[in-house]
**Student:** 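So that we are looking at the same thing, I have put the structure below in structure tokens.
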Protein chains: 2
Amino acid sequence: MSAKKTEDLELIRSVLEELTAKWALLVLNVLCDGPARFNALKRANPGISQKALTQCLRRLEAAGLILRTVVSTAPVAVVYEVTPLGASLEPHTSGILDWSLRNREAILAARQASRGREGRDSL
Amino acid sequence: MSAKKTEDLELIRSVLEELTAKWALLVLNVLCDGPARFNALKRANPGISQKALTQCLRRLEAAGLILRTVVSTAPVAVVYEVTPLGASLEPHTSGILDWSLRNREAILAARQASRGREGRDSL
DNA sequence: CCGTATCCGTTGGGATACTG
DNA sequence: CAGTATCCCAACGGATACGG
């Protein structure tokens with residue numbers, strides 16, 4: 001059973017708030033493979049804008065899931081990496097990503113099926 | 001390693017699009033405990049509005065993760081339940097919820113810590 | 001290279017009132 | 001009971017331009 005208390009739900013909601021950004025799980029997942037720099041993350045997520053990536057990183061950082069380190073070299077380098085807390089979340093986040101790939105066919109089929117049911121009433 | 005192809009990322013993104021609604025995971029999780037009706041789901045998620053719940057359910061239904069059944073009794077009854085596909089996702093979604101509860105202290109501490117680092121530069 | 005600032009469209013979602 | 005309809009605001013996020 002999973003009868004949860006209101007306070008529990010509030011905590012869960014706050015966590016979800018941090019994870020349900022459009023690119024959060026993807027970015028987090030990339031970082032779980034090892035530290036990466038800003039443009040590397042951008043390249044790893046085709047379609048994300050730098051603003052979205054920045055926002056996303058800031059949120060994950062505020063959540064304590066990733067760590068941001070500025071290396072004061074000539075052209076500044078910024079390295080992002082997961083914190084232990086972020087790493088502990090990895091099995092669950094990557095689980096969803098893996099699930100997506102493993103069930104690709106079933107997912108697409110299910111979408112088709114539910115679309116087919118849309119106009120089922122009168123026919 | 002998790003070097004993913006662009007097409008894979010697109011699939012993953014589309015799945016995330018379905019799951020990153022504010023209440024999606026919570027609703028899905030409740031339904032994984034067994035079929036439930038509209039108002040039961042509403043009661044199980046304090047703070048959700050009927051509009052948000054409706055939207056959320058419609059999206060999950062379109063994704064083929066849940067099934068909506070109308071029972072034509074006196075005052076109409078509508079039952080929602082997970083599909084096999086939705087059920088197969090359950091371990092991963094509930095994993096995140098459980099993680100939130102198990103790591104409550106660490107999560108709150110990490111948020112505090114990152115907040116503390118905000119004004120670290122000049123001090 | 002790694003951002004921030006601005007503009008701006010789209011979407012999510014809360015409140016409320018109404019319907020079969 | 002289970003929605004739909006409307007209004008309305010805030011937030012997300014893309015594009016672009018600029019700064020350290």
Side-chain angles (χ1 to χ4, degrees), chain A residues 9-10 12-14 16-28 30-31 35-63 66-81 117-118 121-122, chain B residues 9-10 12-14 16-28 30-31 35-63 66-81 117-122:
Chain A
L9 290 177
E10 284 172 12
I12 293 178
R13 274 292 311 127
S14 68
L16 290 180
E17 203 74 52
E18 298 161 343
L19 296 179
T20 54
K22 190 169 179 179
W23 304 91
L25 292 195
L26 252 0
V27 169
L28 199 54
V30 172
L31 288 178
R37 302 186 29 194
F38 189 88
N39 280 336
L41 290 171
K42 187 151 158 43
R43 269 187 304 273
N45 294 281
I48 195 174
S49 65
Q50 62 283 57
K51 178 184 174 182
L53 180 54
T54 302
Q55 271 181 171
C56 183
L57 289 168
R58 291 289 183 279
R59 284 174 65 169
L60 291 175
E61 190 192 3
I66 67 174
L67 188 64
R68 176 175 179 270
T69 312
V70 180
V71 184
S72 299
T73 49
V76 209
V78 181
V79 179
Y80 294 93
E81 60 195 314
R117 263 190 301 279
E118 275 176 7
D121 47 287
S122 53
Chain B
L9 289 176
E10 284 172 12
I12 292 177
R13 273 292 311 128
S14 68
L16 290 180
E17 203 74 51
E18 297 161 344
L19 295 179
T20 53
K22 189 169 179 179
W23 304 92
L25 292 194
L26 253 0
V27 168
L28 200 55
V30 172
L31 288 178
R37 302 184 31 191
F38 189 87
N39 280 335
L41 290 171
K42 187 152 160 39
R43 258 172 275 124
N45 294 282
I48 196 174
S49 65
Q50 60 287 52
K51 179 183 173 182
L53 180 54
T54 302
Q55 272 182 170
C56 182
L57 289 168
R58 292 287 184 280
R59 286 175 63 170
L60 291 175
E61 191 192 3
I66 66 173
L67 187 63
R68 177 175 178 270
T69 311
V70 180
V71 184
S72 299
T73 50
V76 206
V78 180
V79 179
Y80 294 92
E81 59 195 314
R117 263 190 301 278
E118 274 176 9
R120 79 207 171 291
D121 48 287
S122 53

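The chains referred to below are lettered A, B, ... by the order of the sequence lines, with proteins before strands, and numbering in each begins at 1.
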**Student:** Is the closest side-chain heavy-atom distance between B:L25 and A:I12 below 4.5 Å?
**Tutor:** no
**Student:** Rounded to the nearest 0.5 Å, what separation is found between the CG atom of B:L67 and the CG atom of B:L60?
**Tutor:** 12.0 Å
**Student:** What residues, two or more places apart in sequence or in another chain, satisfy side-chain hydrogen bond (donor to acceptor under 3.5 Å, both in side chains) together with B:E18?
**Tutor:** A:R111
**Student:** Report the residues that fulfil salt bridge (Lys or Arg N to Asp or Glu O under 4.0 Å) with A:E17, sequence neighbours left out, ordered by chain and then residue number.
**Tutor:** A:R13
**Student:** Kindly give the heavy-atom pair with the smallest separation between B:Y80 and B:R58, and that separation in Å.
**Tutor:** OH-NH1, 3.6 Å
**Student:** List for me each residue that meets side-chain hydrogen bond (donor to acceptor under 3.5 Å, both in side chains) alongside B:R59, sequence neighbours excluded, and say none if there are none.
**Tutor:** none
**Student:** What closest approach, in Å, do B:L9 and A:P46 show between heavy atoms, and which atom pair accounts for it?
**Tutor:** CD1-CD, 3.6 Å
**Student:** Taking side chain as C-beta onward, heavy atoms only, is A:T54 less than 4.5 Å from A:F38?
**Tutor:** yes
**Student:** Kindly give the heavy-atom pair with the smallest separation between B:K42 and B:I48, and that separation in Å.
**Tutor:** NZ-O, 3.2 Å
**Student:** How far does the helix from C:dC1-D:dG20 to C:dG20-D:dC1 bend, going by the axes of its first and last five pairs, to the nearest 10°?
**Tutor:** 50°
**Student:** One character per nucleotide, please: for nucleotides 11-20 of chain C, 5' to 3', B when the base has a protein heavy atom closer than 4.0 Å, S when only the sugar-phosphate does, - otherwise.
**Tutor:** -SBBBBB---
**Student:** State whether A:R37 places a side-chain N or O below 4.0 Å from either non-bridging phosphate oxygen (OP1 or OP2) of C:dC2.
**Tutor:** yes
**Student:** Earliest and latest nucleotide of DNA chain D, 5' to 3', sitting under 4.0 Å from a non-hydrogen atom of chain B?
**Tutor:** D:dC1 to D:dC7
